[in-house]
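Structure, as structure tokens:
Sequential numbering from 1 along the given sequence is applied to the chain's residues. Remember, predicted model here, so these are calculated numbers, not experimental data. Quick note: numbers below take in every heavy atom, side chains included, and nothing from hydrogens, waters or symmetry partners.
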Amino acid sequence: MLLPVASKQTPKGTCLEAVKLAIDLGYRHFDGAYVYYNEHEVGQAIREKIAEGNVKREDIYYCGKLWNTCHPPELVRPTLEKTLKTLQLDYVDLYIIELPMAFKPGDEIYPRDTNGKFLYHKTDLCATWEALEECKDAGLVKSIGVSNFNRRQLELILNKPGLKYKPATNQVECHPYFTQPKLLEFSKQHKIVTVGYSPIGTCRDETWVNVSSPPLLEDPLLNSISKKYNKTAAQVALRFNAQRGVVVIPKSFNPDRINENFQIFDFSLTDKEMKDIETLNKNVRYVELLMWSDHPEYPFKDEY
């Protein structure tokens, strides 16, 4: 079970306490990123729990991400090394390309011109991947993967001449309203683990969320099934993906929710319930990233 530590800008100490609690509850897999601005707190929490003797470093599985402005091969290792310095860890367990869209390199996370238009950069996913492979060979990361890649972009890596390591994971939006059956099947065929973000839906912030799709946790079927098992709709949604072999990463800084999201291993959905939930698929994303839809490598134009 995984706790993502995504944040626009959490209050100081919030992430630290959330990760420490999660470790105490049994979480071992943590999903972070440079652009979440809280990796220093994640690293501190992990180190404190190791010092207390609660866990060993090898018990923790940390995923970091390469941001869009750092795609050029010569920037990949320095960016990962910066993450390691922030975390104060010797290695990360998984390092992934966060998005298949390169932005203009520089200090700006979201580079724009004087008119407010995003500044893109030539994207060479194979060259970026080769730099990640070198980081793995150097022992800075145990496994490497991708996020938000469609089938064509995955095939670009898989068919790359001289490929040393195929992507271990592809992190994508995945929940009962957006079940991703074709991409899941393709990934299974190539032994790529699917990690599902927004597995219980997401917030209703219209600046970046597609609110035309209704709130997942208000769904009548999920709530009906939840009553049968004395669970919540969120727990049913998480269990659904877990039974499909999808790694779920529900985000929360709320102690009760962090605990609740972990309680999905004491019940199983029937085959009929799984099939019924599959029919909820609306094939509509919550996270469309339309502000970057004019990027040549915008991943959501293709069917999957």
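Other residues, nucleotides and ligands contribute more than 12 heavy atoms inside 6.0 Å of the NZ atom of K301. Around atom CG of D271, no more than 12 heavy atoms belonging to other residues, nucleotides or ligands sit under 6.0 Å away. Within 6.0 Å of the CG atom in D90, the count of heavy atoms belonging to other residues, nucleotides or ligands does not exceed 12. Within a 6.0 Å sphere centred on CG of N230, heavy atoms belonging to other residues, nucleotides or ligands number 12 at most. The number of heavy-atom neighbours closer than 6.0 Å to NZ of K166, taken from other residues, nucleotides and ligands shown, is above 12. Heavy-atom contacts from other residues, nucleotides or ligands closer than 6.0 Å to CD of E206 number 12 or fewer.
For the pair T123 and P100, the tightest heavy-atom approach, listed with the atom from each and the gap, is CG2-O, 3.4 Å. When every heavy atom of A237 is checked against every heavy atom of L216, the shortest pair comes out as CB-CD2, 4.3 Å. Residues T202 and S198 approach most closely at CB-OG, 3.9 Å, considering heavy atoms. For the pair I277 and P176, the tightest heavy-atom approach, listed with the atom from each and the gap, is CG2-CB, 3.8 Å. What you find for F103 and H121 is that their closest heavy atoms are O-CB, 3.2 Å. Taking both residues in full, the closest heavy atoms of L217 and I200 are given as CG-O, 3.7 Å, listed atom of the first, atom of the second, then distance.
By the 30° and 60° cut-offs, the orientation of the rings of Y27 relative to F30 is tilted. A perpendicular orientation is assigned to the rings of Y298 and F300, their planes being inclined by more than 60° (bins at 30° and 60°). Classified by interplanar angle (parallel below 30°, tilted 30° to 60°, perpendicular above 60°), the ring pair Y61/H29 is perpendicular.
Judged purely by atom type and a 3.5 angstrom limit, T14 uses its side chain to pair as donor or acceptor with the backbone of P11. In this structure, T169 contributes its side chain and Q171 its backbone to no donor-acceptor pair below 3.5 Å. A donor-acceptor contact shorter than 3.5 Å links the side chain of Q153 to the backbone of N150. Under the 3.5 Å distance criterion, the side-chain polar atoms of D113 are matched with a main-chain donor or acceptor of N115. A donor-acceptor contact shorter than 3.5 Å is absent between the side chain of S224 and the backbone of L221. The backbone N or O of H71 lies less than 3.5 Å from a partner atom in the side chain of T128, making a donor-acceptor pair. Under the 3.5 Å distance criterion, the side-chain polar atoms of D205 are left unmatched by any main-chain donor or acceptor of V209. Although no hydrogens or angles enter the test, the distance criterion places a donor-acceptor pair under 3.5 Å between the side chain of Q243 and the main chain of L269. Under the 3.5 Å distance criterion, the side-chain polar atoms of R47 are left unmatched by any main-chain donor or acceptor of V42. Under the 3.5 Å distance criterion, the side-chain polar atoms of N241 are left unmatched by any main-chain donor or acceptor of V247.
No side-chain N or O of Y110 forms a donor-acceptor pair with one of N68 less than 3.5 Å apart. If you check the side chains of N210 and S212, you find a donor sitting under 3.5 Å from an acceptor. Side-chain N/O atoms of Q235 and Q263 include no donor and acceptor closer than 3.5 Å. No side-chain donor from either of D31 and Y62 sits under 3.5 Å from a side-chain acceptor of the other.
Taking the six-membered ring for Trp and the full ring otherwise, the centers of Y120 and H295 sit less than 6.0 Å from each other. The aromatic ring centroids of H175 and F240 lie 6.0 Å or more from each other.
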Exercise. Determine, stepwise, if the pair M274 / R244 fulfils side-chain contact (heavy atoms from CB on, under 4.5 Å).
Key: CA-CA 9 Å; M274 289 291 290; R244 300 167 76 215; 3.6 Å; yes
Self-check item: Full working for salt bridge (Lys or Arg N to Asp or Glu O under 4.0 Å) between K275 and E278
Solution: CA-CA 5 Å; K275 288 184 173 62; E278 284 174 2; over 6 Å; no
Quiz item: Going through the checks in order, is the side-chain contact (heavy atoms from CB on, under 4.5 Å) test met by L183 and L154?
Solution: CA-CA 10 Å; L183 187 61; L154 286 173; 4.0 Å; yes
Quiz item: Step by step, would you call K65 with Y36 a side chain to side chain donor-acceptor pair (under 3.5 Å)?
Solution: CA-CA 10 Å; K65 300 186 184 76; Y36 298 164; 3.3 Å; yes
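Using a 4.5 Å cut-off on side-chain heavy atoms (C-beta onward), L99 and S147 make no contact. With contacts defined as side-chain heavy-atom distances shorter than 4.5 Å, the pair W67/T79 does not qualify. Looking at heavy atoms from C-beta onward, C126 lies in side-chain contact with L156 at the 4.5 angstrom threshold. Counting heavy atoms from C-beta outward, T194 and Q180 have side chains that stay 4.5 Å or more apart. E130 has its side chain out of reach of P73: every pair of non-hydrogen atoms, C-beta onward, lies at least 4.5 Å apart. Inter-residue side-chain proximity for V195 and V172 is flagged as unmet; no heavy-atom pair is nearer than 4.5 Å. Contact of the N170 side chain with the F149 side chain is registered, since non-hydrogen atoms from C-beta on lie closer than 4.5 Å. A 4.5 Å side-chain heavy-atom check between I144 and L94 finds every atom pair outside the cut-off.
Under the 4.5 Å side-chain contact rule for hydrophobic residues, I97 and L75 do not share a cluster. Hydrophobic clustering (ILVMFWY, side-chain heavy atoms < 4.5 Å, transitive): L163 and L125 are in one cluster. Cluster annotation: F178 and L290 are assigned to distinct hydrophobic clusters (Ile/Leu/Val/Met/Phe/Trp/Tyr, side-chain heavy-atom contacts under 4.5 Å, transitive). Residues I23 and I264 are members of one and the same hydrophobic cluster, defined by side-chain heavy-atom contacts under 4.5 angstrom among Ile, Leu, Val, Met, Phe, Trp and Tyr. Linking ILVMFWY side-chain heavy atoms closer than 4.5 Å, directly or via other members, places I46 and L84 in a single hydrophobic cluster.
When K142, R77, K164 are each tested for a salt bridge (charged side-chain N to carboxylate O under 4.0 Å, His left out) with D137, only one passes: K164. With V236 as the fixed residue, the side-chain contact (heavy atoms from CB on, under 4.5 Å) test singles out one of N223, D219, L222: L222.
A cation-pi arrangement is absent between K82 and Y34 under the rule of less than 6.0 angstrom and at most 45 degrees off the ring axis. Under a cutoff of 6.0 Å and an axis angle of 45°, R151 and Y304 do not form a cation-pi pair. Geometrically, R239 does not engage Y229 in a cation-pi contact, judged by NZ or CZ lying under 6.0 Å from the ring centre and within 45° of the ring axis.
At a threshold of 4.0 Å, the pair K49-D24 counts as salt-bridged, since one of the basic side-chain nitrogens sits closer than that to a carboxylate oxygen. Ion pairing of R28 with D93 is absent here, as no side-chain N (NZ or NE/NH1/NH2) approaches a carboxylate O to less than 4.0 Å. Note on R152 versus E297: salt bridge recorded, some NZ/NE/NH1/NH2 to OD/OE distance being below 4.0 Å. The pair K182-D302 does not meet the salt-bridge criterion, since no charged nitrogen lies less than 4.0 angstrom from a carboxylate oxygen. The existence of a salt bridge linking K272 and D276 is confirmed by a sub-4.0 Å separation between a basic side-chain nitrogen and an acidic carboxylate oxygen. Ion pairing of E273 with K228 is present here, as a side-chain N (NZ or NE/NH1/NH2) and a carboxylate O approach within less than 4.0 Å.
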